Each structure stands twice: as C-alpha cells, then as structure tokens.
Amino acid sequence: MKRLLAGAALVALIAAGALATQFAQAQSGQTSPKAAKAGQLASYPAIDDARLRTHIKTLADDFFEGRSPGTRGDDMATTYVAGAMAALGLEPGGDNGTWFQNFELNRFTTAPRGTFAVEDEIWYQGKDIMMISRKADGSSYNLVDAPLVFAGYGVNAPEKNWDDFAGVNWDGKIALVLINDPDFEAAPGDAVAGMFGGKAMQWYGRWPYKFEAAAKVGAAGVLIIHEDAPAAYGWGVVRNSNGTRFDFVRPDSGSSLAAIEGWMQRDVAVELFRKSGLDFEALKKAARTPGFKPVPLNQTATIDIGVTRESVATRNVVGVLKGASRPNETVLIGAHHDHLGIREPINGDKIYNGAMDNASGMAGMLEIARTLAQGPRPARSIVFASWAAEEQGLLGSDYYVNNPRFPLEKTAAAFTLD
Ligand SMILES: [Zn+2]
C-alpha cells in the first residue's frame, strides 16, 4: 500500500518558508524587515523536491514494515533518522550524548472473541465493538451487570461551565459518550455554537481526552459511540487497531484508568437506547444543550474480554542545531516516524506503509533541518524531534514533555509536521 502525494512537499515548503521568514525577522536588527527578509531568504538553500521524495520513499518502504512502535521496523527507521540528522551536521540531542530518548511502553492486546452482552443480546469484539484495557496488573477488566449511562460528549470543561458527567456516582458504571465536541453539529444561533471551536476538533473532542475524563470521575468503563463524520474516520480505522493499544508504563499499573475503554458502532448505541425507551438522535441533540445532564439507560452490560500485555521499547530521535546568539532558547520542530505496522491485509498487502502519515512529515522536517543547517545560523537553537508512538495517543511527544531534553520554559515555539 503505497501512496505518494505532492501535498507533502507543499506542506514542507510552506513550513520552511514561514520559518525562514521568522528567523530572518528575528535577526533583521536595524534594516527594514522587508529587505532583511529578502536577503535572509536568499541565503537559505531551497527545499529540494528530490530529497523529500527520497526520505518518503525510504521510510515508507516495505523494509521498515510500517514502523509500529517497538518493532524491528521502528528500530531501523529511527536509526535512519539519526543517520540523516548526523549527515546534516546536527548534534545529538538525546539521552547521554546519543541521538535517542529511549522509553518503555506496554502493549495491550484484546483477544478477538470478546463480548458485550445486554439482556439476551451479544455484540462481538471487532465487528460491533472494540474494547481494550490498560490495567497492567491484569485485574478486574471484566464487568458484570454494569449500569450504562449516556454522558453526552464526555466533556468536563469547568471554564465553559460544562460537565457531561455531573450528578452521577460513576462507581461501577459504564459511560457511553459521543465523539467530537458539543458544537460540532451545532446550527448557527444555537447556544453552544462556537463554544468548542466549531468544526475544528479540540482536545475535548478527542478519544484520549474522553478516556481520561471518564477515568477521572471514577467510571468503570467508557465506550465512545462511533460516527464517521464527527470522528473524521471510518469504523474500519477503529476495527483495524486489532484491539491493540500502547500505553506508558504507569507507576500505578493503570489503577486510575477505567477498566474498559473502547468504541461501539452507532447502530449498537441506537439499539441500546431503544431497549431503554430512549431515542438516540433526540439525546444527541440534548447533549448539545448547555446544562445537559447524564441520562441513565435502564440496561446493564456484562463485558468479557481477555487482555495480554507485553513490554516493548521504543525511542524518540532528537537532534539540535545550536543557536548563534541565544543557544539556550529553543524552537522545536517535530514529526512522528511511527505508523500502523503490519495489520489485516488490504488487497493482499499487509504492510501499512504510512507514506503520508507520516513519512511525508518526517521528510519535511529533515529538509527544513538541511536548509537551516546550510544557511545563516538562527539566533535560537533549533531542536528537531522524531516522535515515537504518535498513533497510540501522542506517546513520544508526551514523553518528551515530561522528560524534556531542553527546558520547556526556554522553548519559544513548537511546530509539528503531520
Ligand atoms: Zn500522523
């Protein structure tokens, strides 16, 4: 499965141009910004289309096996990136003078035959529902007769006076939540319109947030009701995860997390609501109203899944171009190198190459590194970071933020190519 789109080159070009302009302005001193800009831009080499293509073709090659975290392909891809950074004259910015920030992840895999049963009806893992658990000690992820409660969009935003979990004791209960945020389908003039950034998905709309928010109120489970448009991807993307989920090694072994996390098809939710005499669309509309309160279904669910855990090692790659006059201040430019690895074959091809997501972003980052390394040295240090395990919930960049190689309070800006 190989796709190469010219868009990647365009994104990189725009990004490089904008950055070069910024550096030019920062360094312009007394001269008029316009003249300085023209002069500075001229002295940076142009972004090279052929080099972009070479990086994309290389990283998306079958050789790297789809770059899933902790695999041989992940190892080889990060070695390639470190080599490319070294060749550009960057300095190693990782741990102990190396190019790498190594860290451990847990890989959880749910067995294919898990069930979600309500009354006399059973839904199956993979087909109708995808369930995972990140309880590393393997305890208590099966739930018996857990009450189901609809919690709107699963958003608790005190600064907007919005709490979809309000007024419920969540102990032992499963929260059913919508994907995206309450104003995604708002009509102009609705009270909620624009409150959550309109069509754009913010942090409150994303699935990792919803898992976190449900855990915070103490829910035993949280299942996202999948719909293609607000999720911005189809059910196939959810199903293709194969019930595999990576997570940090948590000091509390995941005891603060909901035991069950996952997604269900919209049809399953519609049927669950119907069984309780509730109308899915009507409740979805109610969930867009300020002051919405959770709605209990009069159904309970019994969940039976098997989960295995393995430890895997992965790594960020970090290289730095030391600044000319303010080297202790940094600008971070990052892109993730991981993709989905080897999964269910599509037309007989089981390697998910990830040319666009995100070999193209990696190519852009490396090409920006080359132009900056070969032009006038920017005032601030530029840190180039190749993030691991982005597809698993931004784990590599999250790790960096918690273990920064350059102080965050001296990091002036961060750019991401994806
Ligand atoms: Zn991506």
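Only a predicted model underlies this, so the values are computations on that prediction, with no experimental measurement involved. Scope of the values below: all heavy atoms of this structure, side chains included, with no hydrogens, waters or symmetry mates. Numbering of ligands and ligand atoms starts at 1, following listing order.
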Checklist line | Lys NZ or Arg CZ of Lys210 over Tyr153 ring: under 6.0 Å, within 45° | finding: no
Item checked: Whether over 12 other heavy atoms sit under 6.0 Å from Lys127 NZ -> no
Margin query: Looking at Lys57 and Asp61, is there a salt bridge between them, counting it only when a charged N and a carboxylate O are closer than 4.0 Å?
Written below: no
Check: How many protein atoms of type N/O/S are positioned less than 2.8 Å from the Zn ion (ligand 1)?
Finding: 4
Notebook entry, point to check: Where do His339 and Pro69 come nearest, in terms of heavy atoms and distance?
Noted result: O-CD, 4.2 Å
Margin query: Atom OH of residue position Tyr233 - does it have more than 12 heavy atoms of other residues, nucleotides or ligands inside 6.0 Å?
Written below: yes
Note to self: Do the side chains of Arg107 and Asp247 get close enough for a salt bridge, i.e. N-O under 4.0 angstrom?
What the structure shows: no
